[in-house]
Amino acid sequence: MVKAVVLGAAGGIGQPLSLLLKTNPEITALGLFDIVNTPGVAADLSHIATPAIVEGRLPPNDGLKATLTGADIVVIPAGVPRKPGVTNHDLFKINAGIVKDLATGIANFAPKAFVLVISNPVNSTVPIVAEVFKKHGVFDPKRLFGVTTLDVVRASTFVAEINGAPTSAPSVVVPVIGGHSGVTIVPLLSQSSHPLPSSVSTEALAALVKRIQFGGDEVVKAKDGAGSATLSMAYAGAEFAGKVIRALKGEKGIVAPSFVAQAADPEGAKALAAELGAELEFFASNIELGKEGVVKIHSLGKITEGESLLVKAAVPELQTNIKTGVTYVLEKYEAEEKNPKL
Ligand SMILES: NC(=O)c1ccc[n+]([C@@H]2O[C@H](COP(=O)([O-])OP(=O)(O)OC[C@H]3O[C@@H](n4cnc5c(N)ncnc54)[C@H](O)[C@@H]3O)[C@@H](O)[C@H]2O)c1
Ligand SMILES: O=C(O)C[C@H](O)C(=O)O
């Protein structure tokens with residue numbers, strides 16, 4: 001029996017993600033929560049002949065509590081997406097509060113659930129969830145994941161394209177490490193399961209890295225004001241959630257990149273920090289999943305000089321992003337303590 005919950009289930013990502021989760025035969029209960037439209041989304045999905053019993057709830061009458069109660073895995077795509085001209089900094093101003101509130105709900109009603117954060121900016125929203133959980137005494141670093149799978153999916157697709165073998169895309173595995181925005185996204189193309197042809201020029205390689213780092217911009221531009229990636233994100237979110245569920249059910253040896261608290265595996269984190277030349281509270285790298293969540297944080301292994309430069313550029317940006325999330329929550333709590341009416 002697995003209960004999965006989607007917070008922000010009526011949105012551009014939330015709806016197709018809920019559809020894909022409804023088609024996952026391991027999921028027996030699917031709880032959908034949003035501030036709008038979830039009863040309709042749930043009614044629609046409930047007619048699909050798969051095991052999950054679907055329920056859609058709204059905020060009134062303890063909707064969040066009822067949705068979260070009994071959850072094994074909670075996926076959060078709630079929050080505003082980018083449009084042309086809107087930066088991650090702009091998103092933070094709105095999404096930080098949404099994520100803090102939802103994390104408070106999870107801390108109260110599903111403190112043991114695995115939590116998968118999609119809401120942007122992931123590099124800051126994951127630290128927000130961690131701080132809220134710490135405040136409530138329920139933080140388990142092994143159970144919190146920033147979803148960076150879309151970067152991995154993009155890398156697989158683009159590498160297959162360059163290799164002239166688009167049908168190979170599903171089997172192309174490229175570790176993408178760091179975080180989930182711009183220069184913090186570091187694809188380790190030298191470790192691709194399907195190496196790039198030696199004929200690929202340095203310029204073409206740099207362009208490929210840039211395309212993976214700024215793949216989100218490509219979609220925002222093409223959607224022309226209608227938001228950011230939703231369908232590919234739903235696919236990526238369902239992929240990662242599927243892996244977490246397989247691990248939860250006892251499958252061993254599942255490895256995938258995710259942005260996780262380094263406290264989840266202090267030994268692994270130490271080796272990784274030595275490679276990075278910095279200790280970060282959160283970082284995306286390959287992690288092994290197990291019944292309790294993160295089992296092992298993998299180190300980077302052999303990387304090229306060019307990749308090493310990309311890591312160097314990512315680290316300070318990540319440090320700033322993480323601090324932004326942590327500071328936001330600490331200042332909010334401080335203000336609430338001074339003025340309990342807030
Ligand atoms: N991690 C990634 O790789 C990745 C990829 C794409 C988009 N995103 C991010 O995902 C988020 C959602 O994107 P979208 O395109 O689905 O946006 P959207 O506006 O289409 O949907 C967001 C949904 O969240 C809901 N919502 C808002 N406040 C809420 C609250 N307090 N509780 C519950 N639900 C609430 C809205 O009602 C809406 O239905 C954005 O922040 C976007 O930047 C992340
Ligand atoms: O770029 C965005 O704003 C959305 C998302 O993070 C993406 O990578 O597509």
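Just follow the structure's listing: the first ligand is 1, and inside any ligand the first atom is 1.
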When distances are taken from atom 21 (O) of ligand 1, the protein heavy atom at minimum range is Gly11 CA, 3.3 Å

Atoms of ligand 1 less than 4.0 Å from Phe33 heavy atoms?
32 (N), 33 (C)

Does the residue Val219 have a heavy-atom contact with ligand 2, meaning some pair of atoms that are separated by less than 4.0 Å?
no

Should the pair Arg57 and Phe33 be classed as cation-pi, given the thresholds of under 6.0 Å to the six-membered ring centre and 45° from the axis?
no

Asn95 heavy atom under 4.0 Å from ligand 1:
yes

Between ligand 2 and His180, can you find any atom pair, the residue atom being a heavy atom, that is separated by under 4.0 Å?
yes

Could you check atom 4 (C) of ligand 1 against the protein and tell me its nearest heavy-atom contact, residue, atom and distance included?
Met233 SD, 3.4 Å

Measure the shortest side-chain to side-chain distance between Leu7 and Ile106 over non-hydrogen atoms and say whether it is less than 4.5 angstrom.
yes

What do you reckon, does Val80 have a nitrogen or oxygen under 3.5 Å from a nitrogen or oxygen of ligand 1?
yes

Treating Glu288 as the side-chain partner and Ile254 as the backbone partner, does any N or O pair qualify as donor plus acceptor under 3.5 Å?
no

Please state which part of Val122 comes within less than 4.0 Å of ligand 2, counting heavy atoms only: side chain, backbone, both or neither.
neither

Nearest heavy-atom neighbours spanning Ser168 and Ala165
OG-O, 2.7 Å

Please could you name the atoms of ligand 2 that Gly216 approaches to less than 4.0 Å, counting only its heavy atoms?
1 (O), 7 (C), 8 (O), 9 (O)

Salt-bridge present (Glu26, Lys249; N to O < 4.0 Å)
yes

So between Arg82, Arg154, Gln213, whose heavy atom ends up nearest atom 7 (C) of ligand 2?
Arg154

Compute the shortest N/O to N/O distance between Val36 and ligand 1 and return yes if it is under 3.5 Å, no if not.
no

Tell me whether the centres of the aromatic rings in Phe283 and Phe259 are closer together than 6.0 Å.
no

Distance filter under 4.0 Å to Thr230 heavy atoms, resulting ligand 1 atoms
15 (O)

Just need the protein heavy atom nearest to atom 43 (O) of ligand 1, so name the residue and atom and give the distance.
Asn120 ND2, 2.9 Å

Would you say OH of Tyr235 has more than 12 non-hydrogen atoms from neighbouring residues, nucleotides or ligands within 6.0 angstrom?
no

Neighbour count above 12 (heavy atom, 6.0 Å) for His136 NE2
yes

So is Asp101 in contact with ligand 1, going by heavy-atom distances below 4.0 Å?
no

Near His180 (heavy-atom distance under 4.0 Å), the atoms of ligand 1 are 1 (N), 2 (C), 3 (O), 4 (C)

Ligand 1 atoms in contact with Gly12 (distance to a heavy atom under 4.0 Å)
16 (O), 18 (P), 20 (O), 21 (O)

State if Ala229 counts as touching ligand 1 under the rule of any non-hydrogen atom under 4.0 Å.
yes

Pro81 heavy atoms, cut-off 4.0 Å: which ligand 1 atoms fall inside?
13 (O), 15 (O), 17 (O), 19 (O), 40 (C), 42 (C), 43 (O)

Does Lys134 have more than 12 heavy atoms from other residues, nucleotides or ligands lying within 6.0 Å of its NZ?
yes

With Ser181, which of Leu91, Asn321, Val122 fulfils side chain to side chain contact (heavy atoms under 4.5 Å, CB included)?
Asn321

Tell me the contacting part of Asn37 for ligand 1: side chain, backbone, both, or neither, using a 4.0 Å heavy-atom threshold, strictly below.
neither

Between Asp265 and Lys296, is there a donor-acceptor pair closer than 3.5 Å when you use the side chain of the first and the backbone of the second?
no

I'd like to check Lys323 versus Thr320 (side-chain heavy atoms, cut-off strictly below 4.5 Å). Are they in contact?
no

Give the residue and atom name of whichever protein heavy atom lies nearest to atom 38 (C) of ligand 1, and the separation in Å to one decimal.
Asp34 OD2, 3.6 Å

What residue and heavy atom of the protein are closest to atom 35 (C) of ligand 1, and at what distance?
Ala78 CB, 3.7 Å

Note: Ile98, heavy atoms under 4.0 Å from ligand 1, region reported as side chain

Report yes if Arg82 has an N/O atom closer than 3.5 Å to an N/O atom of ligand 1; otherwise report no.
no

Which protein non-hydrogen atom lies closest to atom 16 (O) of ligand 1, naming both residue and atom, and how far is it?
Ile13 N, 2.8 Å

Numbered in order shown, the ligand 2 atoms found under 4.0 Å of a heavy atom of Ala229 are 9 (O)

Go through the side-chain N and O atoms of Lys223 and Thr230 and say whether any donor and acceptor fall under 3.5 Å apart.
yes

Does Lys100 make a cation-pi contact with Tyr328, if we ask for NZ or CZ under 6.0 Å from the ring centre and within 45° of the axis?
no

Please check whether Asn88 reaches ligand 2 - meaning an N/O of the residue sits under 3.5 Å from an N/O of the ligand, judged on distance alone.
no

Report, in ascending order of atom number, the atoms of ligand 1 lying under 4.0 Å from any heavy atom of Gly8.
24 (O), 34 (N)

Is a side-chain donor-acceptor pair under 3.5 Å present for Ser190 with Glu307?
yes

Please say whether Val122 places an N or O atom under 3.5 Å from an N or O atom belonging to ligand 1.
no

If we ignore hydrogens and angles and just use 3.5 Å, is the side chain of Asp44 paired with the main-chain N or O of Gly40 as donor and acceptor?
no

Has the side chain of Thr327 got a donor or acceptor atom that lies under 3.5 Å from a matching backbone atom of Thr324?
no

Is Lys338 paired with Glu336 through a side-chain N to carboxylate O contact shorter than 4.0 Å?
no

Region of Leu91 engaging ligand 1 - heavy atom pairs below 4.0 Å:
side chain

Give the residue, atom name and distance (to 0.1 Å) of the protein heavy atom nearest atom 12 (C) of ligand 1.
Pro77 O, 3.0 Å

In this structure, atom 22 (C) of ligand 1 is nearest to the protein heavy atom Gly79 O, 3.2 Å

